[in-house]
Amino acid sequence: MTIPGFVQVDVDGLWAVRQCYGRPESGTFHEDPCWEEGVPRLEVLFRRAGIPAGFFIVGRDMEHDRKRRQARKLVYRGYEIGNHSYTHRIGLTAEPAGLVLQEIRRTDRALRQLGTEPAGFRAPGYDVDSRIHRMLRRTGYLYDASVLPTYLGPLLRLASSYAAGKWLFWRRQFGRISYGRAPRTPYFPRRHKIRKHEWPEEIPDLLEIPVGVTPALHLPLTGALLLTMSAPRRRDLFRRLADKRRPVLLLLHAIDAVDCRQPIVLDNRRPRMAGFAMSGEKKETRLRSILGEFSRYFDIQPAGEFARKMLTEG
Ligand SMILES: [Zn+2]
């Protein structure tokens, strides 16, 4: 029970999720079940199970009064709040430095106004590079949690294109193939080659907490995968991960707790994968057992505190 585990939620609004699949917002910034249904359902699950989860918020959503009030409630209840960019633009590494810095800083300001001090960042679509790390250091962040250590990026982009019914293959999503070689445990990233661990000569100033992946295939440990697995297979997966005795980051999205019997993400399509067609009730039951099983093997803690400890104690 001493292996650290992290449970984090990317609070992508429905508008951001639809953007990922090449769909227009169509009013989903204002009428947003990810915030109205997904976040509260997850929060209750975490509260009842005593799970100190982290919520990664997209800055733009804080322009919306109701969402901002909800975010404030999360802060009040003691959850860690992380930075998930301002506009959830996929492909940050291709953008000019000024724009990227703005994506980070505007969100940072919006989150500070909630009364919290964000310590972690996750790039939309796991698209991160050394330049983004440099900006995070400059902005005073303690950790990045964007590296997806898998070679399956192209395959995941194909799967996402298949689900969307659109060719989205060339988007900078699901990381770079070279990140398949990145450590699968929290590490101090080298300044110019962030997939490499390096003991810093000076005091370390940024920790990378890579997104968890399955041991053999290196599939990302996300709700999309876990919601569709049977309970015995899931338990077996967590046990195998725990056997490696490395900290693991389990990543959920707000949409993982939203009723998707209506095709709200893809309008006319409802592929039978990744919870695209699952009811809210079924998702809730599954999430409850996922969290129960995960906390049996891992000692779930806020990643910000973990990063602070690692940076001061090494
Ligand atoms: Zn996201």
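When a ligand or atom number is given, it counts from 1 through the structure's own listing order. Because the structure is a prediction, the values reported are computed rather than measured. Side chains are part of it too, since the values below use all heavy atoms of this structure and drop only hydrogens, waters and symmetry mates.
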N, O or S atom of D12 closer to the Zn ion (ligand 1) than 2.8 Å
yes
At less than 2.8 Å, would any N/O/S atom of H88, backbone or side chain, sit next to the Zn ion (ligand 1)?
yes
Is it true that, when you exclude R233 itself, more than 12 heavy atoms of the residues, nucleotides or ligands shown sit nearer than 6.0 Å to its CZ?
no
Does atom CD (E281) have a neighbourhood of more than 12 heavy atoms from anything else shown, all under 6.0 Å?
no
So, R105 and D108, do they make that salt bridge, N to O below 4.0 Å?
no
Among the N, O or S atoms that H84 has, which is closest to the Zn ion (ligand 1)?
NE2
Is the NZ or CZ atom of R60 positioned over F29's six-membered ring, under 6.0 angstrom from the centre and within 45° of the axis?
yes
